[in-house]
Structures are given as structure tokens and as C-alpha cells.
Amino acid sequence: MRVLLVEDDNLIGTMVRLNLEQDGYSVDWQRSGEAALQTLRGGRFDCMLLDIGLPGMSGIDVAKQARKLGVGTPILMLTARDETDSKVQALDYGADDYLCKPFEMKELLARVRAHIRRSQGSLEVPTDQELKIGLATVNMERRALTTVDG
């Protein structure tokens, strides 16, 4: 699982990156909105953690641009801004969730897992189907593989 972390604060970024890596994620860490958009254009991510207060382009603008590019990656805003207007604006421009700093790391990790689980749920193959792969058949309901020789 790949996470794009966009955070300009070294202490927060390091803490989040280390905890994500301990939880089994591969983390690409960018410190500006422009770098985040470049990184999004170059690869696929399972989740993006995005600060609002970035140098240059704001996190809200990054979310808006990412959605214009057709990026469907779940976006979780991490920010010190706890005003309702900031939350509404971020959610209206493409964020899926909003978590205010300071936050509990357990909650952040749980939210990342939940967003990834929901976003990948639509990619699952229905369990009542059989898939034929060459001379083999995979029964998704029974989770069984049958080959030509049994």
C-alpha cells in the first residue's frame, strides 16, 4: 500500500511517515503542493494525507487540482485549521476526510485503513464468479483453484 504524505513540517512529517511505515505502508513524502501534484502524475497511491498550510499552493488547491486530473485517491486533510469554513471548503473541493492537528496517531492510522478499504471495495471481484486463467479455473466463492490435471 502506497501513501502520499504532503506535509511541510519536518517533525509532523517524520512522525506520520514512521508510524505509517511501521503499519506496513510505503510512504512518499512531499513538502509542497507543486511537488505533490508532480508525484501524483507519476504514480498511483492508495491514500493521500494532505496538509492545508503548504508553501506556495495550498492543500485545498492541491485537492482541487488532483480531482480535476481525475485522481480518485482518497484524500485525508491533516491541518491545524479547525474552523468549519475550512473543513467545508476542503471537503467541497475534493477531500474525503479532515483531521485536525494535534491528532492521535491511532485515529489517523484507522482513518487511513478505512479510506483504503472503502476505495478498494469497488475493485473487488464478486465472490460468486469463476475466473478462467489459461487452463485453470478460480472459483471466487469457494476460493478454490482447479487446474486441468485436477
Side-chain angles (χ1 to χ4, degrees), residues 1-83 86-134 136 138-141 143-145:
M1 297 286 160
R2 288 183 70 199
V3 174
L4 175 57
L5 171 62
V6 188
E7 173 62 63
D8 63 322
D9 183 284
N10 282 327
L11 182 60
I12 294 170
T14 299
M15 176 187 70
V16 171
R17 181 180 51 83
L18 289 173
N19 278 275
L20 286 167
E21 288 175 348
Q22 274 188 323
D23 217 36
Y25 298 97
S26 169
V27 180
D28 287 51
W29 179 10
Q30 297 299 330
R31 290 165 176 81
S32 73
E34 294 83 0
L37 287 174
Q38 278 300 112
T39 302
L40 279 173
R41 286 184 185 105
R44 185 194 162 301
F45 293 89
D46 298 291
C47 189
M48 177 168 44
L49 304 178
L50 181 58
D51 185 13
I52 287 181
L54 297 168
M57 177 183 278
S58 77
I60 291 174
D61 289 335
V62 172
K64 188 191 302 188
Q65 289 299 317
R67 295 305 186 218
K68 280 184 182 176
L69 291 170
V71 174
T73 301
I75 299 173
L76 171 57
M77 303 302 285
L78 297 178
T79 182
R81 297 181 188 178
D82 63 353
E83 309 86 30
S86 289
K87 294 175 186 178
V88 169
Q89 186 180 30
L91 294 167
D92 282 347
Y93 284 122
D96 297 289
D97 201 356
Y98 196 102
L99 189 58
C100 293
K101 297 173 186 174
F103 51 84
E104 291 287 330
M105 193 55 63
K106 283 182 179 180
E107 181 180 2
L108 172 65
L109 294 172
R111 287 177 187 242
V112 168
R113 287 190 301 270
H115 283 292
I116 291 173
R117 185 174 57 246
R118 275 194 302 275
S119 71
Q120 292 184 343
S122 61
L123 301 176
E124 292 179 13
V125 175
T127 57
D128 60 348
Q129 290 187 1
E130 283 192 343
L131 299 175
K132 296 210 181 281
I133 305 168
V138 178
N139 183 302
M140 300 303 285
E141 185 174 320
R143 297 182 180 198
L145 171 67

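Note that the structure is predicted; figures quoted are calculated from it, not measured.
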Problem set entry | Pairwise side-chain contact, Val112 with Met1, heavy-atom cut-off 4.5 Å (strictly under) | no

For this session: State, to 0.1 Å, how close Arg2 and Arg44 come at their nearest heavy-atom pair, and which atoms those are.
Result: NH1-O, 3.2 Å

For this session: Scan residues 60-80 for pairs that pass salt bridge (charged side-chain N to carboxylate O under 4.0 Å, His left out), counting only residues two or more places apart or in two chains.
Result: Arg67-Asp96

For this session: Return the minimal non-hydrogen interatomic distance between Leu40 and Ala66, and the atom names on each side.
Result: CD1-CB, 3.8 Å

Seminar exercise, completed: Residue set satisfying side-chain contact (heavy atoms from CB on, under 4.5 Å) with Leu18, at least two apart, ordered chain then number -> Thr14, Glu21

Exercise. For the residue pair Ala63 and Leu50, what are the closest heavy atoms and their distance?
Worked result: N-CD2, 3.9 Å

Seminar exercise, completed: Sequence neighbours excluded, the answer for side chain to side chain donor-acceptor pair (under 3.5 Å) partners of Asp97 is Arg111, His115

Problem set entry | Rounded distance (nearest 0.5 Å) linking atom CZ of Phe45 with atom CG of Leu5 | 10.5 Å

Which atom pairs, donor and acceptor, lie under 3.5 Å between side-chain atoms of residues 74-81 and protein residues at least two apart or in another chain?
{"unit_1": "Thr79", "atom_1": "OG1", "unit_2": "Arg81", "atom_2": "N", "d": "3.2"}

Seminar exercise, completed: Distance col, row Lys87:NZ vs Leu91:CG, nearest 0.5 angstrom, shows 9.5 Å

Exercise. To the nearest 0.5 Å, how far apart are CG in Leu108 and NZ in Lys106?
Worked result: 13.5 Å

For this session: Please report the closest heavy-atom contact between Arg31 and Glu7, naming both atoms and the distance.
Result: CG-O, 3.4 Å

Problem set entry | Minimum side-chain heavy-atom gap Leu109-Leu20 below 4.5 Å | yes

Exercise. Looking at residues at least two apart in the chain, or sitting in another chain, which of them share a side chain to side chain donor-acceptor pair (under 3.5 Å) with Ser86?
Worked result: Glu83

Exercise. Does atom OH of Tyr93 have more than 12 heavy-atom neighbours from other groups under 6.0 Å away?
Worked result: no

Problem set entry | Test item: Asp9 side-chain N/O and Ile12 main-chain N/O as donor-acceptor pair under 3.5 Å | yes

Exercise. Given the rule in the side-chain contact (heavy atoms from CB on, under 4.5 Å) test, do Met48 and Val3 qualify, once you have shown the distances and angles that lead to the verdict?
Worked result: CA-CA 6 Å; Met48 177 168 44; Val3 174; over 6 Å; no

For this session: Would you sort out whether Leu4 and Thr39 count as a side-chain contact (heavy atoms from CB on, under 4.5 Å), showing the intermediate values?
Result: CA-CA 8 Å; Leu4 175 57; Thr39 302; 3.9 Å; yes

Seminar exercise, completed: Tightest non-hydrogen contact, residues Val6 and Ser32, listed as CG1-O, 3.8 Å

Problem set entry | Asp82 and Tyr98, any side-chain heavy atoms less than 4.5 Å apart | no

For this session: Can you measure from CD (Gln120) to SG (Cys47) and round to the nearest 0.5 angstrom?
Result: 10.5 Å

For this session: Measure the shortest side-chain to side-chain distance between Asp23 and Arg113 over non-hydrogen atoms and say whether it is less than 4.5 angstrom.
Result: yes

Seminar exercise, completed: Value for CG (Asn10) from CE (Met15), rounded to nearest 0.5 Å, stands at 12.5 Å

Seminar exercise, completed: Asp8 meets the side chain to side chain donor-acceptor pair (under 3.5 Å) criterion, sequence neighbours left out, with none

Exercise. What are the two closest non-hydrogen atoms of Trp29 and Gly13, and how far apart are they?
Worked result: CZ2-CA, 3.3 Å

